[in-house]
Amino acid sequence: MTASDLLKRQLNQLEKQVRSEKPWILLVARVSDPEQIHALPAQEKRLRAYAESKSLPFVYVEFDESAYKGKRLRFRELVIDPITRAQSLVIVVFDKIDRFSRESSSVEHAIFEDLRKKGRIELHFPSDNLYVNRDSPAPDIFRLNVGVALSSYFAGTIRDNVNRRFEEIVEEKREWISRAPYGYRNIDTGVPVEGRVERGKKRKTKKDIKPDEELRQFVVMAFELRATGLSLQAITMRLRKAGMTSRGKRKLVTLEQIHRILATPFYAGFMSYRGKLYPHRYERLIPGWLWHKVQAVNRRRSTKRTKYASKEHLYRDLITCGVCGYTVLTDGPKKGKYNYLKCTEYNEPHGAKWVNEDVITKQVADRIFHSLRIPDDVAGRLLKRLEEDEEADLQHEMRKIRLLRSERGQIDDEIIGMFRDRETFRISPDLFKRIVAEKTARQSAIDREVASYTNENGRAFVATVSGLVRLAASAADLFADRDVSVELKRRLLRIPLSNLTWDGKNIDFKLKTPYEAILLCQKNQTWYPLANKFRTELRGDILALQSDSDFKTLRDETLLMPPD
């Protein structure tokens, strides 16, 4: 009899009993682990023997819940649904309490308990010699609850142990514990695994993951196409034309599959397990720079919105009244597209009127973002000079570090020589100790000085300045682009501004120090002091941008990323 025939037969038997007006028995056998499958026949034998001793009609159902997750739906179909629809008393029999509670959900427990209290079912556990119905005494209910709690604790402990074991495999052995992603294949090396072999079982062999020579080309092609900024739909169509199909059934690849591939770090050397990334030991299909470039494209395209897709207010909580200092209200959109602003006049009325948001936006664009734009030729020279100066400083530091390390080595030799010739200091041991202490103190000072040089990351400084300059160059266009999300524009406003006010006619603002320096150079049309100012007075402010979430978001999600 096939599985589908057996299921149909069980459903017919259950439907017959559900309509019965006489009590009947539902026998339930279940296992939740592959190692327990052999226990099902023993459970069935004991359950059938118990049912026959009661001389009542019965239906037997069993579940190997380790086979696939659909068994949970089958449990509802063959157990929960029949007992809730039954027109007579149902005696639900599990071999033991843990067979009732193991892997059962809280919803299932609540259904069983509700039906028991209403007298519609009884719960029998023959091997535990426990039988619970509506009128059961407190000790029996207590035994049931304790059994359920212990079973739940046991199952949780097993899960914890399994998770710890998996984490050890992933983190320490750098091995993947599941099916290899598209473009790879799981293989059996045939090499026996060391350890004891249980009687009657085959010795396990080591598994490995290798690139699939037929499919890997499609993965690489998908990443290379996405790096150009191409849409997922266009990439999917090109890959279909190239012959890319799904694994197994060989169906045409879908857009969702391409999306998953482009978000899988495994191809670049990392595996994601329980929300963390771990390096793996398998061959990479793409280089790291290509992975990061594609993620930047994904983030950038995800920030794009259709026109008026968001109803968030651009200036909410970002602008105050220049007359009274209180918050400026935002309202809208009116007529489906216009937002308006007006002072709350919380202290006292001063004739504030509603103003179209576009009026303020034009002033912000003209007076702030256009004024922060650094000419392309100036930006190129600025970054080149910074790179040259930082490289010169780095070379100077390296020479200094070499001299310091050489001095430290000489002190090592001197101390070793003193210990070899310590008989010279036999008359004055205190002098020997003092000289050694002075020399070791000098070595500690050298170590601190070397660390002070190596802790300063000049490349990070240049990269941050590069992001700042690109932001200044692109801010006006981004702010004016109607397809850029409101949230991204709000971040764009927060980055340079420390204060923004509106007096009903004109905006007034205060910029943060790096941008204030750019604005001053723009007004004077004198750019040559800017590089030196960045490297000296404003170095700390610029390095602080590395921890500014708004700055990092704009850098990562827009075209502000430095070229590869």
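The analysis underlying the following values was restricted to heavy atoms, covering all of them including side chains, and did not include hydrogens, waters or symmetry mates. Keep in mind the model is a prediction, meaning the values are calculated, not measured.
Ring orientation note: the planes of Tyr50 and His124 are nearly perpendicular, at an angle over 60° on the 30°/60° scale.
Pairing each heavy atom of Leu252 with each of Gln257, the nearest pair is O-OE1, 4.2 Å. Summarising the geometry of Arg120 relative to Ala86, their closest heavy-atom pair is NH2-O, 3.8 Å, with the distance given to 0.1 Å.
Residues satisfying the ring-ring contact (aromatic ring centres under 6.0 Å, His included) test with Phe223, not counting sequence neighbours, are Tyr267. Not a single salt bridge (charged side-chain N to carboxylate O under 4.0 Å, His left out) links Lys251 to another residue, sequence neighbours left out. With sequence neighbours left out, the side chain to side chain contact (heavy atoms under 4.5 Å, CB included) criterion links Ala544 to no other residue. The side chain to side chain contact (heavy atoms under 4.5 Å, CB included) check on Lys206 picks up Thr189, Val191, Val193, with sequence neighbours excluded. Remark: Asp140 engages no residue in a salt bridge (charged side-chain N to carboxylate O under 4.0 Å, His left out) (not counting sequence neighbours). Partners of Phe218 by ring-ring contact (aromatic ring centres under 6.0 Å, His included), not counting sequence neighbours: none found. Taking Glu15 as the reference, Arg19, Arg85 meet the salt bridge (charged side-chain N to carboxylate O under 4.0 Å, His left out) condition, with sequence neighbours excluded. Pro139 pairs by the side chain to side chain contact (heavy atoms under 4.5 Å, CB included) definition with Pro137, not counting sequence neighbours. Every residue two or more places apart in sequence or in another chain was checked for a ring-ring contact (aromatic ring centres under 6.0 Å, His included) with Phe142, and none qualifies. In this view, Asp208 and Lys210, Arg281 satisfy the salt bridge (charged side-chain N to carboxylate O under 4.0 Å, His left out) rule, not counting sequence neighbours. Residues meeting the ring-ring contact (aromatic ring centres under 6.0 Å, His included) test with Tyr340, sequence neighbours left out: none. In this view, Ile141 and Arg116, Val132, Ser136, Asn145 satisfy the side chain to side chain contact (heavy atoms under 4.5 Å, CB included) rule, not counting sequence neighbours.
Arg240 contributes a side-chain N or O that, together with a main-chain N or O of Val253, makes up a donor-acceptor pair within less than 3.5 Å. Side chain of Arg226 to backbone of Leu230: a donor-acceptor contact under 3.5 angstrom is found. A donor-acceptor pair is defined here as one N or O able to donate and one able to accept, closer than 3.5 Å; such a pair exists between the side chain of Lys512 and the backbone of Arg494.
In this structure, CD on Gln17 lies 10.0 Å from CZ on Phe58, to the nearest 0.5 angstrom. Note: Leu239 CG to Ile261 CD1 = 8.0 Å, rounded to the nearest 0.5 Å.
For Glu122 and Lys54, the salt-bridge test fails: no basic side-chain N is under 4.0 Å from an acidic carboxylate O. Ion pair Glu487/Arg491 flagged as a salt bridge, since at least one NZ, NE, NH1 or NH2 atom sits closer than 4.0 Å to an Asp/Glu carboxylate oxygen.
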